[in-house]
Undergrad: 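Below is a structure I'd like to ask you about.
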Amino acid sequence: MPAFESGTASGRRFDVNLSILFTELPLLERPAAAAAAGFSAVELWWPWIDSPTPGRSELDALKGAIEDAGVQLVGLNFYAGQLPGSDRGALSIPGAESARFRANVEVAAGFAASVGCTALNALYGNRVDGVDPAAQDALALENLALAARAADRIGAILLVEALNRPESPKYPLVSARAAVEVVDRVNEVTGLDNARFLMDLYHLSMNGEDLPQVIADHADRTGHVQIADDPGRGAPGTGALPLEELLGQLAKAGYDGWVGLEYKSAGPGAEAFDWLPVAARGSAP
């Protein structure tokens, strides 16, 4: 039985995160697999975790796979270190990681522009033992402003995400308020007003937040939404989160953007979407 009924899911725009779903397939086969499952849009973490500046042939191959599949890339992370892995971003890490992030900014923005992607996510980065948190925050603001300006040049928004403390104990943005405060600082520094909050309902639930209140307080500054059920980070219907109701509240609050499916599947990707009627998987008219 689908966790979402067709009538209530219709009108919402769901996209598949190809960095956590369809991972049984090589990267270049995943866009076509998402299309075969009925989706018209996808998103990605930075695919080349060991290289912020991959070669042109690698960029072109991914661009071709996306275009050949006929799907739209609607979200892309900047370089974030070893993700999946222990890292949670690079932009606030002094030294080599910050330099890698900066080298990646124009590459990621250029790739996004080449495929019409208009949302770029910049993960903040973990706290580093022995480094003053204030110095990390200053570096983060400098690098986020750099990323926001690059995003603006391609007509994109910059996303700032809150993660959850149990799984990311060294990540400083573990509440909606903390992430939105960073969003506001970036917009103040750049004057561009293109920084937005990435509202991941799974992470916020893991932090024990009042999700209806988060939606009421921050829907107006939300540029992207991601979902997984809690507990377990599985598909909707495998945990206790009232995701259908929460997405309805977001819609009533004025959010009409994409909802990224960023959950762990118990089986192959093609079987990961039984909760969502096929008719509701394509983009809304």
Side-chain angles (χ1 to χ4, degrees), residues 1-5 8-9 12-23 39 42-45 75 77 80 83-89 121 123-124 126 159-180 196-219 221-253 255 257-269 271-277 280-281:
M1 181 72 176
F4 279 36
E5 296 300 328
T8 56
R12 295 178 188 153
R13 299 191 292 169
F14 295 99
D15 74 86
V16 178
N17 189 308
L18 297 180
S19 297
I20 195 169
L21 289 160
F22 293 112
T23 55
F39 292 94
V42 298
E43 61 181 82
L44 281 164
W45 302 340
N77 283 18
L83 182 72
S86 59
D87 294 341
R88 296 294 185 271
N121 183 28
L123 286 172
Y124 200 84
N126 290 328
L159 298 170
V160 177
E161 182 176 8
L163 302 182
N164 73 76
R165 189 180 299 278
E167 294 175 330
S168 304
K170 293 186 175 182
Y171 192 82
L173 307 184
V174 289
S175 70
R177 175 177 291 184
V180 170
R196 295 289 183 270
F197 176 42
L198 194 166
M199 184 186 292
D200 186 310
L201 296 176
Y202 166 74
H203 288 308
L204 299 177
S205 175
M206 284 281 287
N207 286 326
E209 297 213 41
D210 180 337
L211 297 182
Q213 191 61 53
V214 168
I215 290 168
D217 290 344
H218 304 304
R221 281 177 285 183
T222 296
H224 189 58
V225 171
Q226 292 173 336
I227 63 171
D229 217 330
D230 180 30
R233 200 175 186 177
T238 61
L241 274 184
L243 288 167
E244 189 169 15
E245 178 182 331
L246 292 166
L247 293 181
Q249 292 173 5
L250 269 161
K252 288 180 181 178
Y255 180 76
W258 292 97
V259 176
L261 307 181
E262 195 181 70
Y263 56 81
K264 298 176 182 178
S265 173
E271 300 174 4
F273 309 106
D274 291 344
W275 61 275
L276 184 62
R281 297 180 189 179

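For clarity, every value in this text was computed on a predicted model and none was experimentally measured.
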Undergrad: How many angstroms lie between CG in Asn17 and CD in Glu43, if you round to the nearest 0.5 Å?
TA: 4.5 Å
Undergrad: Measure the CG-CZ distance between Asn126 and Arg88 for me, rounded to the nearest 0.5 Å.
TA: 6.5 Å
Undergrad: If you count heavy atoms of other groups shown closer than 6.0 angstrom to CZ of Arg221, is the number above 12?
TA: yes
Undergrad: Closest heavy-atom contact between Ala179 and Val160?
TA: O-CG1, 4.0 Å
Undergrad: Any sub-3.5 Å donor-acceptor pair from Asp229's side-chain atoms to Leu241's backbone N or O?
TA: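 Yes, Asp229 side chain to Leu241 backbone: donor-acceptor pair under 3.5 Å.
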Undergrad: Check each of His224, Gln226, Arg12 against Trp258 using the side-chain contact (heavy atoms from CB on, under 4.5 Å) test, and report the only one that passes.
TA: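 The single option meeting the side-chain contact (heavy atoms from CB on, under 4.5 Å) with Trp258 is His224.
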Undergrad: Please report the interatomic distance CZ(Arg281) to CG(Leu261), rounded to the nearest 0.5 Å.
TA: 9.5 Å
Undergrad: Mind checking whether Asn121 and Trp45 have side chains closer than 4.5 Å, heavy atoms only?
TA: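 Of all side-chain heavy-atom pairs linking Trp45 with Asn121, none is under 4.5 Å.
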Undergrad: Closest heavy-atom contact between Ala272 and Leu21?
TA: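 Scanning both residues, the minimum pair turns out to be CB-CD2, 3.9 Å.
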Undergrad: Quick check on the 6.0 Å ring-centre criterion: do Phe273 and Phe39 meet it?
TA: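 Yes; Phe39 has its ring centre under 6.0 Å from that of Phe273.
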Undergrad: First locate atom CG of Asp200, then atom OG1 of Thr222, and finally report the distance between them rounded to the nearest 0.5 Å.
TA: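 Rounded to the nearest 0.5 Å, the CG-OG1 separation comes to 11.5 Å.
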Undergrad: Stepwise, does the side-chain contact (heavy atoms from CB on, under 4.5 Å) test hold for Phe14 with Leu247?
TA: CA-CA 11 Å; Phe14 295 99; Leu247 293 181; 4.0 Å; yes
Undergrad: According to the salt bridge (charged side-chain N to carboxylate O under 4.0 Å, His left out) rule, which pairs have a member within residues 230-240, sequence neighbours left out?
TA: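 Listed by first then second residue: Arg233-Glu262.
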Undergrad: Please check this pair: side chain of Asn207 against backbone of Leu163, looking for a donor-acceptor N/O pair closer than 3.5 Å.
TA: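 The answer is yes, because a donor-acceptor pair under 3.5 Å joins these two groups.
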Undergrad: Sub-3.5 Å donor-acceptor pair from the side chain of Tyr263 to the main-chain atoms of Tyr202, do we have one?
TA: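 Not a single qualifying donor-acceptor pair exists.
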Undergrad: Going by side-chain hydrogen bond (donor to acceptor under 3.5 Å, both in side chains), name the residues that satisfy it together with Glu209, two or more places apart in sequence or in a different chain.
TA: none
Undergrad: Does any non-hydrogen side-chain atom of Leu173 lie less than 4.5 Å from one of Glu161?
TA: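 Not touching, per the 4.5 Å side-chain cut-off.
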Undergrad: For residues Val214 and Ala176, report the shortest heavy-atom separation together with the two atoms involved.
TA: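 Heavy atoms only, the tightest pair is CG1-CB, 3.8 Å.
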Undergrad: Hey, can you tell me if Phe197 and His218 have their rings parallel, tilted or perpendicular (30° and 60° cut-offs)?
TA: perpendicular
Undergrad: For a 4.5 angstrom cut-off between non-hydrogen side-chain atoms, does Asn77 reach Leu83?
TA: yes
Undergrad: Looking at Arg177 and Val174, would you say the former's side chain and the latter's main chain have a donor-acceptor pair under 3.5 Å?
TA: no
Undergrad: Working to the nearest 0.5 angstrom, can you tell me the gap between Ile215 CD1 and Leu250 CG?
TA: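 It comes to 4.0 Å.
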Undergrad: For Trp275 and Ala235, which heavy atoms make the closest approach, and how far apart are they?
TA: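 Minimum heavy-atom contact is CD1-CB, 3.8 Å.
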Undergrad: Which atom pair, heavy atoms only, marks the closest approach of Ser175 to Ala162?
TA: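 Heavy atoms only, the tightest pair is O-CB, 3.5 Å.
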Undergrad: Is the backbone of Tyr171 close enough, under 3.5 Å, to the side chain of Tyr124 for a donor and an acceptor to pair up by distance?
TA: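 Judged by distance alone, no pair lies under 3.5 Å.
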Undergrad: Taking all atoms of both residues into account, what is the closest heavy-atom pair of Asp15 and Gly260, and its distance?
TA: OD2-CA, 3.3 Å
